[in-house]
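First the structure, in the form of structure tokens, and then the observations on it.
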Amino acid sequence: MYQPLLEKLVIKLQQNNIKITCAESCTGGLLASVLTEVSGSSKWLDMSFVTYSNDAKHQLLGVELTTLAQFGAVSEQTAEQMAKGALKKANASYALSVTGIAGPTGGSEEKPVGTVCFGLSSLQKTFTYTQHFSGSRQEIRQQAVCFCLKILLEII
């Protein structure tokens, strides 16, 4: 599932000497796990963050408590602050963040199961995205990881 995207991404990262970091919530480290399936990945992935709780997002990544209160953990605003915080802490070229509702519980009418927000931050710019995936918890998490790989490939 990930392999074709991962192969293309690794080539770009190595050719351009790019370092990345991840800030994950609903994927629980799956993105970092996929990225480190490649031998030599320590050349471009130095550290990654799994911040499942709001408290962890705040303490480790600097997500503002007012952002979490006003917009929630699953929001583009939180994804943006997660990516910016990870970028700063990791001293990387790019930071990817992912926060969402993988289910099967936790959804609402406003933010149903499968709602996932992403951030991609560089020193110059931050992009945010919201996607709506379907399927089982594992399928939603896998789709989120694929989306992360795709957006990073597009930007770099």
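Residue numbers run from 1 in the order of the sequence given. Nothing here was measured: the structure is a model prediction, and the numbers come from that model. Values reported hereafter were calculated over all heavy atoms of this structure, with side chains retained and with hydrogens, waters and symmetry mates removed.
Listed by chain and number, the residues in a side-chain hydrogen bond (donor to acceptor under 3.5 Å, both in side chains) with Asp46 amount to none (sequence neighbours excluded). Residues satisfying the salt bridge (Lys or Arg N to Asp or Glu O under 4.0 Å) test with Glu76, not counting sequence neighbours, are none. Scored by the side-chain hydrogen bond (donor to acceptor under 3.5 Å, both in side chains) test, Gln131 finds no partners at all (sequence neighbours excluded). For Ser25, the side-chain hydrogen bond (donor to acceptor under 3.5 Å, both in side chains) partners are Lys57, not counting sequence neighbours. Applying the salt bridge (Lys or Arg N to Asp or Glu O under 4.0 Å) rule to Lys111 yields no partners; only residues at least two apart in sequence or on another chain are considered. The side-chain contact (heavy atoms from CB on, under 4.5 Å) test applied to Glu64 returns Thr66, Thr67, Gln81, not counting sequence neighbours.
The salt bridge (Lys or Arg N to Asp or Glu O under 4.0 Å) contacts involving residues 80-98 comprise Glu80-Lys84, where partners must be two or more places apart or lie in separate chains. For the ring-ring contact (aromatic ring centres under 6.0 Å, His included) condition, the pairs that include at least one residue of residues 94-128, sequence neighbours left out, are Phe118-Phe147.
Within a 6.0 Å sphere centred on CG of Asn17, other residues, nucleotides and ligands contribute 12 heavy atoms or fewer.
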Q. side-chain contact (heavy atoms from CB on, under 4.5 Å) between Cys146 and Leu5: does it pass, once the steps are laid out?
A. CA-CA 8 Å; Cys146 281; Leu5 288 170; 4.3 Å; yes
Q | Candidate pair Lys12 and Ile18, rule side-chain contact (heavy atoms from CB on, under 4.5 Å), full reasoning | A | CA-CA 8 Å; Lys12 277 191 161 188; Ile18 293 172; 6.0 Å; no
Q | side-chain contact (heavy atoms from CB on, under 4.5 Å) between Val116 and Thr99, worked out | A | CA-CA 6 Å; Val116 183; Thr99 182; over 6 Å; no
Q | Verdict with reasoning, Leu9 to Leu152, per side-chain contact (heavy atoms from CB on, under 4.5 Å) | A | CA-CA 8 Å; Leu9 181 60; Leu152 187 57; 3.8 Å; yes
Contacts under 3.5 angstrom, residues 29-42 side chains, donor-acceptor by atom type, not counting sequence neighbours:
from, atom 1, to, atom 2, distance (Å)
Thr36, OG1, Ala32, O, 2.9
Thr36, OG1, Ser33, O, 3.1
Ser41, OG, Val38, O, 3.2

Throw together a table of side-chain donor-acceptor distances under 3.5 angstrom for residues 133-140, partners on residues two or more places apart or in other chains.
from, atom 1, to, atom 2, distance (Å)
Ser136, OG, Glu139, N, 3.2
Ser136, OG, Glu139, OE1, 3.4
Arg137, NH1, Gly103, O, 2.6
Arg137, NH2, Tyr52, OH, 2.8
Glu139, OE1, Ser136, N, 2.7

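Side chain of Arg141 to backbone of Cys26: a donor-acceptor contact under 3.5 angstrom is found. Side chain of Thr115 to main chain of His132: no donor-acceptor pair is present (N/O by atom type, distance under 3.5 Å, no hydrogens or angles). Proximity of a side-chain donor or acceptor of Thr128 to a complementary backbone N or O of Ala79 within less than 3.5 Å is not detected.
Within the 4.5 Å cutoff, no side-chain heavy atoms of Thr21 are placed close to those of Leu96. Residues Thr51 and Glu24 are not in side-chain contact: their nearest non-hydrogen atoms beyond the backbone lie 4.5 Å or more apart.
Put simply, Ile11 and Ile155 are part of two different groups of oily side chains (I, L, V, M, F, W, Y) that touch within less than 4.5 Å, one to the next. Val10 and Ile151 fall within the same hydrophobic cluster, where Ile, Leu, Val, Met, Phe, Trp and Tyr residues are linked whenever their side-chain heavy atoms come under 4.5 Å apart, directly or through other members.
Leu123 belongs to a hydrophobic cluster whose remaining members, ordered by chain and number, are Leu87; membership requires side-chain heavy atoms of ILVMFWY residues under 4.5 Å apart, directly or through intermediates. Met47 belongs to a hydrophobic cluster with Phe49, Leu60, Leu61, Val63, Leu65, Leu68, Met82, counting contacts under 4.5 Å between side-chain heavy atoms of Ile, Leu, Val, Met, Phe, Trp and Tyr, direct or through other members.
Here the straight-line distance linking atom CD1 of Ile20 with atom OG of Ser121 works out to 13.5 Å at 0.5 Å rounding. Atoms CG and NZ, on Leu13 and Lys19 in that order, are 11.0 Å from each other to the nearest 0.5 Å. Atom CD of Glu110 sits about 5.5 Å away from atom OG of Ser108, to the nearest 0.5 Å.
Heavy-atom minimum distance, Cys22 versus Leu45: SG-CD1, 4.4 Å.
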